[in-house]
Trainee: 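Sharing a structure with you now.
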Amino acid sequence: MEKYPHIFQPLTINGMTLRNRIVMPPMGSNFANFDGTINNDHIKYYEQRAKGGTALITLENVCVDYPLGTNGTTQLRMDNDQFMPGLWKFNERMHAFGACTSVQINHAGASATKLRLNGLQPVSSSTVPSKKGMLHPRPLTVEEIQHIINCYADAAKRAQRVGFDCVEIHAGHGYLIDQFLSPHYNHRYDAYGGSPANRARFAKEVILAVRGAVGSGFPISLRFSADELVQDGNSLQDTLSLLEYFIEPVDILNVSAAVNETIQYQIDKMSLPDGWRSYMAKAVKSKFDKVIVTSGNFRSPKVTEDVLSRGDADLIAMGRGLLAEPNWVNKVALGQEKLLRKCISCNIGCADHRIAKGLPIRCTVNPDVINEDEYRRHRVRNNILMVVIGGGTTALEAACSAAEIGANVVLFERLDYLGGLAHQIARLPGKHRLDDFVSYLKNRADLLDNLTIHLGETATINTIKALKPDVIVNASGSQPLLPPIDGLEKAVHEKSSTVFTILDLLNSPKSFVEKNQEIVVVGGGAVGLDVMEFFADYCDCHVSVIEMLPELGKDLDLITKVSMDEILKKKSVTQYTNTKVKSVADHHCQVIAGDKRFEIGFDKAFICLGMRSYQPLLKQFENYAYENGTKVLNIGDSKKARRIYEGSQEARQVINIVHQIDEIKDNSLISI
């Protein structure tokens, strides 16, 4: 705590005392029951963050006016008293661990979920959809506006009655209040549109109604997009002026950014630095005497402390950071920074699961966001030996998880470093956060006396025979896919060639840095677009991407897809979609697009047609296992080339096999 005095300084806000300066902002989870009630898994998920030392837990946004105000696959509701018992239970559990609580009350407006509208048209300030592809809303009447204002007030009063310490009003991110505040959405000509004062009127009336409902001695927070980062939206200066109309009754200003069209700056993309948004908070704090919250890829305790010590903000909101590491506060307090499981901002298990796929949130680096480390309590009783083949993130997670429940684990990695493909990709600019996960896994492994790691050593079938393991885990990873394209194999393997694989770049990215080159990327999936970003955004080269499918980045997560689309447009990347490469040679390739055949020249070309599983010894391991009654598992990319997320999930599930073996050994002892 002495190292970071500002992080651990208590703060009292209108009667609510926070034990430190770290808050959990509202993040949709899709954990709620279909009827809008909270459940035990939902509460347990938040409980992990309260136990981990977080000062203020903000329950994700709840619907104040059903069905017109609802969003997400499932969403909590607070539009009548039926939902109060579950929320009371939530507060009991959070308070038991010393955390204060808040709840974000919200009306989705034009962002309402179509499937729950029962045929109704969504509502907004005017007819502008929340984002491309959404339903066009209808403008609210003045009478309907007054009804919604009353809904906010009623919800705030319920929040107070069920034991919340604070209530937060959502006025950003393209939801209803923002749809009135922003000229991007608001095209009205009555008292609620046009001038800044008129666009601010709805927010002002909601805030005054909420203050009237909860009284003067109850904290109110307001979350808003300080800069919407769209051409016709509110800039930071616009927002500073708008705030003057309505923030007097507010205690806390939660400074966020962006709307749906710029979601990569709302749910921060990987390349944005820690605390990047704090300049917005500083601008708000310099003008208004309020408690200020800032957010934006905060992972590092040092950056967090620096922002607080400079006075840019009073509180730091960590959303995905606490999803990945619920014990962030406690670990920092105990000097365990090396064991922080930092969020890598991949946005796969969280944003993409919830927003794009309508699934419950998960996390790439945290295999169990609900139960956290509870698996460690159930330890094996017998001597069990597990051999792990490979040293990537999947292999390390499996090895650590099994060792943490008491198995003896031996890991073999043929290379002289750990981390596999994740560590290699982390060498690219903007991808460095991947190494945070690798470092965490290595530091975690270092604490386990029953985990032995052999670097630079290839495990053979003779190694397995000598060790006689109870379980073999093959996590040998993947290699670049080279399809049978005329001239490709030869071009890739010639030392003087201008044709490379993704591994050539990852092994030595600095050697490829040269501006103003003509670069061709064959393959427009995740790997290909990473290469495109490197050369277009960081090397100022002209890049052409060749893709067989009708679009680039088809299977990317939502945030990365939007981010890559931004770079493709900004850097004028040439896109050849529905295009096949027929042959490859030095400095050019032949392609076919429809009935057209033509040549594309390049200074360098990179073949990024995906990865294929690499499992050279798996068959031998399986034969040994069959003959000796040993369990063998093939997980991660060596099973099927995918993302870190799938590997982490499969790696944690290895402990189920370890427990099965433990039970078998127990039964063997009993039978004797």
Trainee: I'd like to know if the side chain of Asn327 pairs up with that of Asn330 as donor and acceptor (distance under 3.5 Å, no hydrogens or angles considered).
Mentor: no
Trainee: So, Asn347 and Lys269: side-chain donor and acceptor under 3.5 Å apart, yes or no?
Mentor: no
Trainee: Under 6.0 Å from the CG atom of Asn656, do we count more than 12 heavy atoms belonging to anything else shown?
Mentor: yes
Trainee: Is it the case that the side chains of Thr54 and Arg49 hold a donor-acceptor pair, with the cut-off being a distance below 3.5 Å and no angle test?
Mentor: no
Trainee: Could you note down all residue pairs passing salt bridge (Lys or Arg N to Asp or Glu O under 4.0 Å) where residues 470-480 supplies at least one of them, sequence neighbours left out?
Mentor: Asp470-Lys665
Trainee: Could you tell me whether Lys582 and Asp486 make a salt bridge, using a distance below 4.0 angstrom between a side-chain N and a carboxylate O?
Mentor: no
Trainee: Do Asp557 and Thr560 meet the criterion of a side-chain donor-acceptor pair at a distance under 3.5 Å?
Mentor: yes
Trainee: Testing Arg652, Arg341, Lys51 for salt bridge (Lys or Arg N to Asp or Glu O under 4.0 Å) with Glu372, which one passes?
Mentor: Arg341
Trainee: Is the distance between the ring centroids of Phe602 and His542 under 6.0 Å?
Mentor: no
Trainee: Give a yes or no on whether a salt bridge exists between Glu47 and Lys44, defined as a side-chain N under 4.0 angstrom from a carboxylate O.
Mentor: no
Trainee: Looking only at heavy atoms, what is the nearest atom pair of Ala402 and Val409, with distance?
Mentor: CB-CG2, 4.0 Å
Trainee: Is atom NZ of Lys357 surrounded by more than 12 heavy atoms (other residues, nucleotides or ligands) closer than 6.0 Å?
Mentor: yes
Trainee: Are Asn474 and Gln615 close enough that a side-chain donor and a side-chain acceptor fall under 3.5 Å?
Mentor: no
Trainee: What pairs with Phe598 under ring-ring contact (aromatic ring centres under 6.0 Å, His included), at least two apart in sequence or on another chain?
Mentor: Tyr576
Trainee: Find the distance between SG (Cys400) and CZ (Arg376) and round it off to the nearest 0.5 Å.
Mentor: 8.5 Å
Trainee: For the pair Arg320 and Arg299, evaluate side-chain contact (heavy atoms from CB on, under 4.5 Å) and give the outcome as yes or no after the intermediate values.
Mentor: CA-CA 9 Å; Arg320 294 163 303 155; Arg299 312 286 180 253; 3.4 Å; yes
Trainee: Using the salt bridge (charged side-chain N to carboxylate O under 4.0 Å, His left out) rule, take Lys561 and Glu551 through it: C-alpha gap first, then chi angles, then the decisive distance, then the call.
Mentor: CA-CA 11 Å; Lys561 179 77 164 67; Glu551 64 173 313; 3.6 Å; yes
Trainee: Do you know the tightest heavy-atom contact between Ala351 and Ile559?
Mentor: CB-CG1, 4.0 Å
Trainee: Would you say Ser401 and Glu397 are linked by a side-chain donor-acceptor pair, where the criterion is simply a distance under 3.5 Å?
Mentor: yes
Trainee: Would you say the side-chain atoms of Asp603 pair up with the backbone N or O of His587, donor to acceptor, closer than 3.5 Å?
Mentor: no
Trainee: Closer than 4.0 angstrom, basic N to acidic O: yes or no for Asp540 and Lys571?
Mentor: yes
Trainee: How close do Thr463 and Thr458 get, counting heavy atoms only, and between which atoms?
Mentor: OG1-O, 4.4 Å
Trainee: Between Asp435 and His423, is any side-chain donor less than 3.5 angstrom from a side-chain acceptor?
Mentor: yes
Trainee: Given side-chain contact (heavy atoms from CB on, under 4.5 Å), test Val658 with Met386 step by step and report yes or no.
Mentor: CA-CA 8 Å; Val658 174; Met386 183 170 93; 4.2 Å; yes
Trainee: Met270 vs Leu434, test: side-chain contact (heavy atoms from CB on, under 4.5 Å). Steps then yes/no.
Mentor: CA-CA 9 Å; Met270 185 182 292; Leu434 294 175; 4.1 Å; yes
Trainee: Quick one: closest heavy-atom pair of Ile453 and Ala445, and the distance?
Mentor: CD1-CB, 4.1 Å
Trainee: Not counting sequence neighbours, which residues clear side chain to side chain contact (heavy atoms under 4.5 Å, CB included) with Val632? List them please.
Mentor: Ile472, Leu618, Phe621, Glu622, Ala625
Trainee: With no hydrogens and no angle check, do the side chains of Gln590 and Glu599 hold a donor and an acceptor under 3.5 Å apart?
Mentor: yes
Trainee: Under 3.5 Å, is there a donor-acceptor pair linking the side chains of Tyr440 and Glu325?
Mentor: no
Trainee: What are the two closest heavy atoms between Leu428 and Pro509, and how far apart are they?
Mentor: CD2-CB, 4.1 Å
Trainee: Do we see a donor-acceptor contact under 3.5 Å between the side chains of Asp268 and Trp276?
Mentor: yes
Trainee: Would you say Ser300 and Asp274 are linked by a side-chain donor-acceptor pair, where the criterion is simply a distance under 3.5 Å?
Mentor: no
Trainee: Any donor-acceptor pair under 3.5 Å linking the side-chain atoms of Glu547 with those of Gln575?
Mentor: no
Trainee: Is Glu337 salt-bridged to Lys302, going by a charged N under 4.0 Å from an acidic O?
Mentor: no
Trainee: Give the intermediate values and the outcome of side-chain contact (heavy atoms from CB on, under 4.5 Å) for residues Ile355 and Ile263.
Mentor: CA-CA 11 Å; Ile355 301 171; Ile263 195 169; 4.0 Å; yes
Trainee: Does a sphere of radius 6.0 Å around NZ in Lys639 hold more than 12 heavy atoms from other residues, nucleotides or ligands, not counting ones at 6.0 Å or beyond?
Mentor: no
Trainee: Using the ring of each side chain (for Trp, its six-membered ring), is Phe512 parallel, tilted or perpendicular to Phe535, with breaks at 30° and 60°?
Mentor: perpendicular
Trainee: Do side-chain atoms of Asp637 reach the backbone of Tyr614 as a donor and acceptor pair under 3.5 angstrom?
Mentor: no
